[in-house]
Undergrad: 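To start, I am sharing the structure in question, which I have written as structure tokens.
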2 protein chains.
Amino acid sequence: MTDLFPEKGHDHGRCIDSALRQAEDVAEANNARFTDMRRRVFTLIWQSHKAITAYELLDSLQAEGVRAQPPTVYRALEFLVGLGLIHRIESLNAYFGCDMPHHEHLGQYFICRNCGRVAEAVNDDMSSAVHAAARAVGFRIEATTIEIKGLCHDCATH
Amino acid sequence: MTDLFPEKGHDHGRCIDSALRQAEDVAEANNARFTDMRRRVFTLIWQSHKAITAYELLDSLQAEGVRAQPPTVYRALEFLVGLGLIHRIESLNAYFGCDMPHHEHLGQYFICRNCGRVAEAVNDDMSSAVHAAARAVGFRIEATTIEIKGLCHDCATH
DNA sequence: GACGAAATGATATAATATAACACTTGAAGA
DNA sequence: TCTTCAAGTGTTATATTATATCATTTCGTC
Ligand SMILES: [Zn+2]
Ligand SMILES: [Zn+2]
Ligand SMILES: [Zn+2]
Ligand SMILES: [Zn+2]
């Protein structure tokens, strides 16, 4: 069994570096400016594998000495979501970093209620079940929200 | 192709009556009090097949002359969600009536962005794809949120 | 360097949700 | 029937999440 969630003692600095590198690539490929503010917000989101709320981000920015207001944060979030660099978790009103921003995908999110971590899956069986169900009732899909709450393997077994 | 959504000219009074009858049954079976306030809120939710927000409900109550405040509405909603008489749509911060409250189910919600209607499906293929994916990664599911946005058959073809 | 579009700053406010405590109601037992 | 107490509701205040609007700054392009 492969756990979607990162290993306990993994080198998270590498996650952050890799995410930043990919984000810069994607931004460049889209002719979009990965400004300082956007980089700050993105980096804060990647401080953990948990989802983080807009106001938690705002607090962190202010703690760093950045004079930011809610619109600043929401604009950065809008930009990052728009490029697919982060995803919004509807059931948490929170955001977390995507680790495969290069290809378009409809992801599914596993959310552990104990450790708070979020993991993204791109599972064809889930996707095709959803699309088949939609086709069967003549529904034209534009967006999907699939959020699965419970206990991750670590939290369920320890 | 069977459309999940109700027919255009259907007799919606029957939807409301049926929902009320079922709600009373479920409440009774659970030894729960279907009070006047709860019935009012429930009935307002069933005024349409759309999802409705807490504050829209509050406005409607006040328009009816009921002196209600936000907690009143949220308490009624909490009760109704708890019994499975209504469902919350996370991506809309809104609520809509369940038409099969008798049996426990993990539903999937189709939401039309044009007409605003919501339809609930209980699709085993979707459910089992989700559960299989969770099993494969050792995740213990406690709740699922599956919300599908797009155009219903009517809106896509007219 | 001048220009204009994009980004950010700043202020205000809207929309969604809950905490806390007082009062009322209604089921259940004495 | 009366008492009691838990459940439900009223009321006020406040927390949390999100956006509208207009002023200013930044940055690539000419
Ligand atoms: Zn990591
Ligand atoms: Zn966990
Ligand atoms: Zn109807
Ligand atoms: Zn429609």
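Naming: A, B, ... by sequence-line order, numbering from 1 per chain.
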Undergrad: Only counting residues at least two apart or in another chain, list the ones meeting ring-ring contact (aromatic ring centres under 6.0 Å, His included) with B:His102.
TA: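 Testing B:His102 for ring-ring contact (aromatic ring centres under 6.0 Å, His included), a comparison that skips the adjacent residues, returns none.
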
Undergrad: Name all pairs fulfilling the salt bridge (charged side-chain N to carboxylate O under 4.0 Å, His left out) condition that reach into residues 134-146 of chain B, sequence neighbours left out, sorted by first residue then second.
TA: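 For residues 134-146 of chain B: A:Arg113-B:Glu142.
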
Undergrad: Among all residues two or more places apart in sequence or in another chain, which pass the side-chain hydrogen bond (donor to acceptor under 3.5 Å, both in side chains) test with B:His131?
TA: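 If we apply the side-chain hydrogen bond (donor to acceptor under 3.5 Å, both in side chains) test to B:His131, skipping adjacent residues, there are no hits.
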
Undergrad: By salt bridge (Lys or Arg N to Asp or Glu O under 4.0 Å), which residues pair with B:Glu90, not counting sequence neighbours?
TA: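 For B:Glu90, the residues satisfying salt bridge (Lys or Arg N to Asp or Glu O under 4.0 Å) (neighbours in sequence not counted) are B:Arg88.
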
Undergrad: Strictly by side-chain hydrogen bond (donor to acceptor under 3.5 Å, both in side chains), give each pair with a member in residues 59-70 of chain A just once, sequence neighbours left out.
TA: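 Sorted result for residues 59-70 of chain A: A:Arg40-A:Glu64.
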
Undergrad: D:dC27 P sits how many Å from A:Asp36 CG, rounded?
TA: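 My rounded result for the distance is 9 Å.
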
Undergrad: How many whole angstroms separate atom CG of B:Leu77 from atom C1' of D:dT9?
TA: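 Distance, rounded to whole Å: 15 Å.
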
Undergrad: Is a side-chain donor-acceptor pair under 3.5 Å present for A:His10 with A:His49?
TA: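 Yes.
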
Undergrad: Under 4.0 Å, heavy atoms only, any strand: does A:Arg40 hit a base, just the sugar-phosphate, or nothing?
TA: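 Nothing, no nucleic acid heavy atom in range.
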
Undergrad: Taking atom C1' of D:dT9 as reference, at what distance in whole Å does atom CG of B:Leu80 sit?
TA: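 Spelled out: CG on B:Leu80 to C1' on D:dT9 is 15 Å.
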
Undergrad: B:Glu90 has an atom CD; how far is it from atom P of C:dA15, in whole Å?
TA: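 To the nearest whole Å, that distance equals 20 Å.
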
Undergrad: Under 4.0 Å, heavy atom to any atom of DNA chain D: which of residues 108-119 of chain B qualify?
TA: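 The answer is none.
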
Undergrad: Output all residues satisfying side-chain hydrogen bond (donor to acceptor under 3.5 Å, both in side chains) with B:Ser91, sequence neighbours left out; order by chain, then residue number.
TA: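 Result, side-chain hydrogen bond (donor to acceptor under 3.5 Å, both in side chains) vs B:Ser91: B:Glu147, B:Lys149.
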
Undergrad: Could you run down the sub-3.5 Å N/O contacts of the protein with nucleotides 6-8 of chain D?
TA:
from  : atom 1 : to      : atom 2 : distance (Å)
D:dG8 : OP1    : B:Arg38 : NH1    : 3.1
D:dG8 : OP1    : B:Arg38 : NH2    : 3.3
D:dG8 : O5'    : B:Arg38 : NH2    : 3.4

Undergrad: Below 3.5 Å is the cut-off: list the nitrogen or oxygen pairs between protein and nucleotides 10-14 of chain C, distance only.
TA:
from   : atom 1 : to      : atom 2 : distance (Å)
C:dA10 : OP1    : A:Arg67 : NH2    : 3.0
C:dA10 : N6     : A:Arg75 : NH2    : 3.3

Undergrad: Listed by chain and number, what are the ring-ring contact (aromatic ring centres under 6.0 Å, His included) partners of A:His103, not counting sequence neighbours?
TA: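 ring-ring contact (aromatic ring centres under 6.0 Å, His included) list for A:His103, sorted by chain: A:His105.
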
Undergrad: For a quick test of reading the model: is some side-chain N or O of B:Asn93 closer than 4.0 Å to OP1 or OP2 of C:dA17?
TA: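 The answer is yes; a side-chain N or O of B:Asn93 sits under 4.0 Å from OP1 or OP2.
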
Undergrad: Starting from P on C:dA15, measure out to OH on B:Tyr74 and report it in whole angstrom.
TA: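 Those two atoms, OH and P, are 12 Å apart.
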
Undergrad: Parallel under 30°, tilted from 30 to 60°, perpendicular over 60°: which one fits the rings of B:Tyr109 and B:Phe96?
TA: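 The rings of B:Tyr109 and B:Phe96 stand perpendicular, inter-plane angle above 60°.
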
Undergrad: Take the protein atom CG of A:Leu57 and the nucleotide atom P of C:dT8, then report the distance between them rounded to whole Å.
TA: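 Checked: the CG to P distance equals 15 Å.
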
Undergrad: With B:Arg39, which residues qualify under side-chain hydrogen bond (donor to acceptor under 3.5 Å, both in side chains), at least two apart?
TA: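 In terms of side-chain hydrogen bond (donor to acceptor under 3.5 Å, both in side chains), with neighbours along the sequence ignored, B:Arg39 is linked to B:Glu24.
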
Undergrad: What ring pair (Phe, Tyr, Trp, His ring centres under 6.0 Å) pairs are there with at least one residue in residues 51-80 of chain B, not counting sequence neighbours?
TA: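 The answer is none; no pair qualifies.
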
Undergrad: Please report the distance, rounded to the nearest Å, between CD1 in B:Ile52 and P in C:dA15.
TA: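 In whole Å, C:dA15 P and B:Ile52 CD1 are 15 Å from each other.
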
Undergrad: Rounded to whole Å, how long is the line connecting atom CG of B:Leu58 with atom P of D:dT9?
TA: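 It is 15 Å, rounded to the nearest whole Å.
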
